[in-house]
S.K.: 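Dropping the structure in here first, questions after.
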Amino acid sequence: MSARLPDKPTIDGIEQRWVEVWEESGTYRFDRTRPRDEVYSIDTPPPTVSGSLHVGHVFSYTHTDCIARFKRMRGYTVFYPMGWDDNGLPTERRVQNYFGVRCEPSLHYDPDFTPPEKPDPKNQVPISRRNFVELCEQLTVEDEKAFEELWRRLGLSIDWTQTYQTIDANARAVSQRAFLRNLDRGEAYQAEAPTLWDVTFRTAVAQAELEDRERPGAYHRIGFPRSNGGDPVFIETTRPELIPACVALVAHPDDERYQPLFGTTVRSPLFGVEVPVVAHALADPEKGSGIAMICTFGDLTDVTWWRELQLPTRPIIGWDGRLTQETPAWIETEAGATAYSAMAGKTAFSAKEAIVEMLREGGDMVGEPREITHAVKFFEKGERPLEIVTTRQWYLTNGGRGAELRGQLLERGAELHWHPSHMKVRYDNWVEGLNGDWLVSRQRFFGVPIPLWYPLDSDGNPVYDRPITPDDADLPVDPSAEAPRGYDEGQRGKPGGFVGDPDVMDTWATSSLSPQIAGGWSRDEDLWSRVFPMDLRPQAHEIIRTWLFSTVVRSHLEFDRLPWSDAAISGWILDPDRKKMSKSKGNVVTPMGLLDEHGSDAVRYWAASGRPGTDTAFDVGQMKIGRRLAIKILNASKFVLAFDPVADASAVTAPLDRAMLAELAETVRQATEAFEQYNYTRALELAETFFWSFTDDHVELVKERAYGGQGDDAAASAKAALAIALDVQLRLFAPFLPFVTEEVWSWWQEGSVHLQTWPSADELGTVAADGDRRTVADLAVALSAVRKAKSEAKVSMRADVSDAVVRGPAESAARIQTAAADLCAAGRIAELRFESTDGPIEVAVTLA
RNA sequence: GGGCGAUUAGCUCAGUGGUAGAGCACUCGCUUCACACGCGAGGGGUCACUGGUUCGAACCCAGUAUCGCCCA
């Protein structure tokens, strides 16, 4: 077949053309008729669509795509779906601002609702949850389009018929079904318990969403009078406003200073509440005065003490972060009640100011507060310190409270193939450090509702321990808008009626089901049987503790197996100054702008140069190199194909041609091995190294022979070898540079290069088998020596050489001699002689 | 405070016991019939530091420093 070659090949604008062809031809369509062992399935990370496009996305998604393309060429049909994470707070907040609405779950659905024309953020229109969710879906569709356009342009080989949203009906149904099955098996349970609570968002916060922030604080030294007289006991606290919530004082059991006090009682200053002095190993003798007050609750240590020492609960902080209005029942003295009333209804901050003033006046506080800096727990998206309040919440077992499950989950972590392997440690550390089960309920609106109702007793109180579950066929349900079977909507909130669970699930409770959602669990069992357990979970390392871990938990509980066999953990993009690339900087360089400027293949080349799990600098220079490579592939291919070569292995007779193909076979072998181990970077590097030596040396050496300078058979050998090498190299580069390889492939081959078989050493067969790779290396040395002579003489490479003497080991000389005519032609050498020596190969060149 | 990773040429990075590598940048050349978005040649390193193991260490061990990330 004769190749159709462009005069001036270019990579500019080729993306658009091939994106269209791939879509029309269904090049990347998943073949769902193939059995599980012929499928390679990928649990694609659903990007947060309300977040902005960032070069980090381009980086990590390219890695996955390279693997997907490799596996496809290895003969698998690749299940490569795309999900959109439109769940959670970021979307909720965007919708509030964008439409000027707020969610009011008590309202009924209004099918005719239209958002205000001029949104007023200060006067948001209350709407039902269902209306709110509809607006969320409406807005996220726009965001998804921007992502899809970028992904296509980047050349991701996603099957665009397989998409999902984490808030769509299927995802909601899957989340609810999985939750109900957890409930059936006793893995989901509700508990009234101290919960980390964000007072701004008024929602419970899970361990995985916490972060510590350094904040200024101050130790207040405060005396607690002893009930049986004697000197007061001095504690130091950063939170004096919690004195009304004090339930005990605690010191280390070995602390001799306080041992005499254990078993006695003291009274809280101002409030006169009698509390015991107790011993616990967690009390730090070095901290403050060595004796601390336990409040319900000031921090997580308080919770531990409270639980292990079985202390009473005396909460004073409400869901809004303010002290309760009413004087707590345990404050019995009139003076205490007066003192409390000075704090009631205030925020923790104001209450602290008030109590410090009172303590100072009453002489209960010694000296001035001593300023310190300490770590305070925050919701990662919040701006005020977390409080701990007692609420009724839903939990899911995750090994945080049971050694047996924890052991099983650690076992799962060991079963998983991690790329790179050291990432497993992060999983282990996280699982070993869990201190409670997974809190899955959230007091938010946009999310998957907890699919439960509770009956109301004759007094109208919910009976929480007898939840009403929906029928599986009714999923997904919205308990705030729909009545359970057997009830009608009129009974909502009425004694003897029902009430819906007002909460939604944690966003991870849905994301953790991404294999189930994308793979058709409980919806399309045929599909599910072909894709699960999946092969690959690609993701970033900072969400090992959240997304990866929670997905393992759900799969372990539901299927008693890992959700995938391999996890490929990508690194970060760093600024050139080695700092994690900031959002603002990342947004200055827009991904689409990069693709426009350098070309998709070039940007992919840069991304693929970041090894799995390794943080990589944002480096435009690397993109330029990628661009140069892509252009070189075009030009070299055009040159080779201009010979109208036939890739006939039997024509390859010249030793140099065979040696070159042997070298290529070795490259293929190593690249395949690297790719199988998810080391795409190494595979690219190998292909690239071969390619440059192919164009710089081999092509130059055989050029004249290919033109017919040594006869027809010699020319046929050169041309056939060039064609075979080009064919193989295009396939080696195809996973990395999908556009340019497809472009060249289209010049002379049928079909898409991306549906060809990945090259193997076997296909190069006997031609390569008896080729001697050392010939390539020896000739490169000799050619380089000739070039050096010309370069030093500052003459053109076309300058004639009257005489060249190759000195070196007899073996090398013999190998060079097999291609003597090629060397003479490439070096324009009139007379070539050989001398045997013990040293390395040298060439004495005499210019004409 | 604990864990993980990194530290190699001006820059970005390969290199897991046997003479320090690539690309970029730099210098000097070359209109060469695929490519000047090109080609050729060259200079450039105490492999963070200190000890140890070894015939031999960038590589293995111990420690130190700096940077990054995760967790407390």
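All chains are named by letter (A, B, ...) in the order of the sequence lines, taking the proteins before the strands, and each is independently numbered beginning at 1.
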S.K.: Sticking with atom C1', work out how far B:A65 lies from B:C28, rounded to a whole angstrom.
M.R.: 41 Å
S.K.: I want to confirm an ordering. Mapping A:Asp12 and A:Asp697 to their closest nucleotides on RNA chain B, which one lands closer to the 5' end?
M.R.: A:Asp12
S.K.: When rounded to the nearest Å, what value does the distance between C1' atoms of B:C24 and B:A14 take?
M.R.: 14 Å
S.K.: Ring-plane angle category for A:His698 and A:Phe694, please: parallel below 30°, perpendicular beyond 60°, tilted otherwise.
M.R.: parallel
S.K.: Can you tell me the Watson-Crick or wobble partner of B:U64, both distances under 3.5 angstrom?
M.R.: B:A48
S.K.: Can you check the A:Glu700 CD to B:C35 P distance for me, whole Å?
M.R.: 11 Å
S.K.: Give the nucleotide from the list B:G40, B:A34, B:C33 with an atom nearest to the side chain of A:Asp696.
M.R.: B:G40
S.K.: Please tabulate, one pair per line, each protein N/O and nucleotide N/O from nucleotides 16-25 of chain B that are separated by under 3.5 Å, including the distance.
M.R.:
unit_1: B:C24; atom_1: OP1; unit_2: A:Arg628; atom_2: NH2; d: 3.0

S.K.: Looking for any heavy atom pair under 4.0 Å, which part of the strands does A:Trp692 touch: base, sugar-phosphate only, or nothing?
M.R.: sugar-phosphate
S.K.: Across all strands, who's sitting opposite B:G1 as a Watson-Crick or G-U wobble pair, both distances under 3.5 Å?
M.R.: B:C71
S.K.: With C1' as the reference atom in both, quote the distance from B:C47 to B:A9 in angstrom, rounded to an integer.
M.R.: 10 Å
S.K.: Please give, in whole Å, the distance from B:C37 C1' to A:Tyr605 OH?
M.R.: 15 Å
S.K.: If the threshold is 4.0 Å, N to carboxylate O, is there a salt bridge linking A:Glu387 and A:Arg239?
M.R.: yes
S.K.: Are OP1 or OP2 of B:G42 and a side-chain N or O of A:Lys788 less than 4.0 angstrom apart?
M.R.: yes
S.K.: All N/O contacts under 3.5 Å from nucleotides 26-31 of chain B to the protein, with atom names and distances to one decimal?
M.R.:
unit_1: B:C28; atom_1: O2'; unit_2: A:Lys794; atom_2: NZ; d: 3.3

S.K.: Of all the nucleotides listed (B:C69, B:A72, B:C13), which has the minimum atom distance to the side chain of A:His541?
M.R.: B:C69
S.K.: Can you identify which nucleotide, out of B:A72, B:A41, B:G3, has its nearest atom closest to the A:Val425 side chain?
M.R.: B:G3
S.K.: Given B:A14, B:A34, B:G40, identify the nucleotide with an atom nearest to the side chain of A:Arg787.
M.R.: B:G40
S.K.: Can you check the distance between B:A34 and B:U46, where both ends of the measurement are the P atom (answer in whole Å)?
M.R.: 44 Å
S.K.: According to a strict under-4.0 Å criterion, is A:Tyr427 in side-chain N/O contact with OP1 or OP2 of B:G3?
M.R.: no
S.K.: In whole Å, I'd like the distance from the CZ atom of A:Phe618 to the P atom of B:U12.
M.R.: 14 Å
S.K.: In terms of side-chain heavy atoms of A:His422, which of B:G5, B:A34, B:C69 is nearest?
M.R.: B:G5
S.K.: Would you say the side chain of A:Leu779 lies within less than 4.5 Å of the side chain of A:Asp697, judging by non-hydrogen atoms?
M.R.: no
S.K.: Would you call A:Val58 and A:Leu594 a side-chain contact if the rule is heavy atoms closer than 4.5 Å?
M.R.: no
S.K.: For A:Tyr427 and A:Trp418, I'd like to know if the aromatic rings sit close, meaning centre-to-centre distance below 6.0 Å.
M.R.: yes
S.K.: Mind calculating the distance between CD (A:Gln539) and P (B:C70) to the nearest angstrom?
M.R.: 14 Å
S.K.: As a test of reading the structure: which of B:C35, B:C37, B:U12 is closest to the side chain of A:Lys632, going by heavy atoms?
M.R.: B:C35
S.K.: Provide, to the nearest angstrom, the distance between the CG atom belonging to A:Asn429 and the P atom belonging to B:G2.
M.R.: 13 Å
S.K.: Check whether any side-chain heavy atom of A:Ile544 sits under 4.5 Å from a side-chain heavy atom of A:Lys424, and report yes or no.
M.R.: no
S.K.: Paired with B:G29: which nucleotide, if any, by Watson-Crick or G-U wobble criteria at under 3.5 Å for both distances?
M.R.: B:C39
S.K.: More 5' along RNA chain B: A:Ile631 or A:Arg611, using each one's nearest nucleotide?
M.R.: A:Arg611
S.K.: Roughly how many Å apart are B:G3 and B:A62, using the P atom of each and rounding to a whole number?
M.R.: 12 Å
S.K.: Between A:Phe733 and A:Phe691, what is the ring plane arrangement, given parallel below 30°, perpendicular above 60°, and tilted in between?
M.R.: perpendicular
S.K.: In whole angstroms, how far is the P atom of B:A14 from the CD atom of A:Glu688?
M.R.: 14 Å
S.K.: Measure from the side-chain heavy atoms of A:Glu542 and tell me the nearest of B:A14, B:A34, B:C70.
M.R.: B:C70
S.K.: Pick base, sugar-phosphate or nothing for A:Glu685, based on heavy-atom distances below 4.0 Å to the nucleic acid.
M.R.: sugar-phosphate
S.K.: Classify the ring geometry between A:Trp606 and A:Phe59 as parallel (under 30°), tilted (30 to 60°) or perpendicular (over 60°).
M.R.: tilted
S.K.: Take atom P in B:U31 and the same atom in B:G40, then report the distance between them in whole Å.
M.R.: 15 Å
S.K.: Sort out the partner of B:U12 for me: Watson-Crick or G-U wobble, both distances under 3.5 Å, none otherwise.
M.R.: B:A22
S.K.: A:Thr695 near the nucleic acid: base, sugar-phosphate alone, or nothing, with a heavy-atom cut-off under 4.0 Å?
M.R.: base
S.K.: Are A:Arg705 and A:Asp657 close enough for a salt bridge, meaning some N to O gap below 4.0 Å?
M.R.: yes
S.K.: In whole Å, measure the gap between the P atoms of B:G2 and B:U64 for me.
M.R.: 10 Å
S.K.: Please name the nucleotide paired to B:G56 by Watson-Crick or G-U wobble geometry with both distances under 3.5 Å, or report none.
M.R.: none
S.K.: Which residues satisfy the side-chain contact (heavy atoms from CB on, under 4.5 Å) test with A:Glu666, sequence neighbours excluded?
M.R.: A:Arg669, A:Gln670, A:Arg773
S.K.: Roughly how many Å apart are B:C55 and B:U8, using the P atom of each and rounding to a whole number?
M.R.: 30 Å
S.K.: Taking all heavy atoms of A:Ser609 and all of A:Thr681, pick out the closest pair and write down the distance.
M.R.: O-CG2, 3.8 Å
S.K.: Among the nucleotides B:A36, B:C69, B:G42, which one has an atom lying closest to any side-chain atom of A:Lys8?
M.R.: B:A36
S.K.: Backbone N or O of A:Ile633 within a donor-acceptor pair of the A:Ser637 side chain at under 3.5 Å?
M.R.: yes
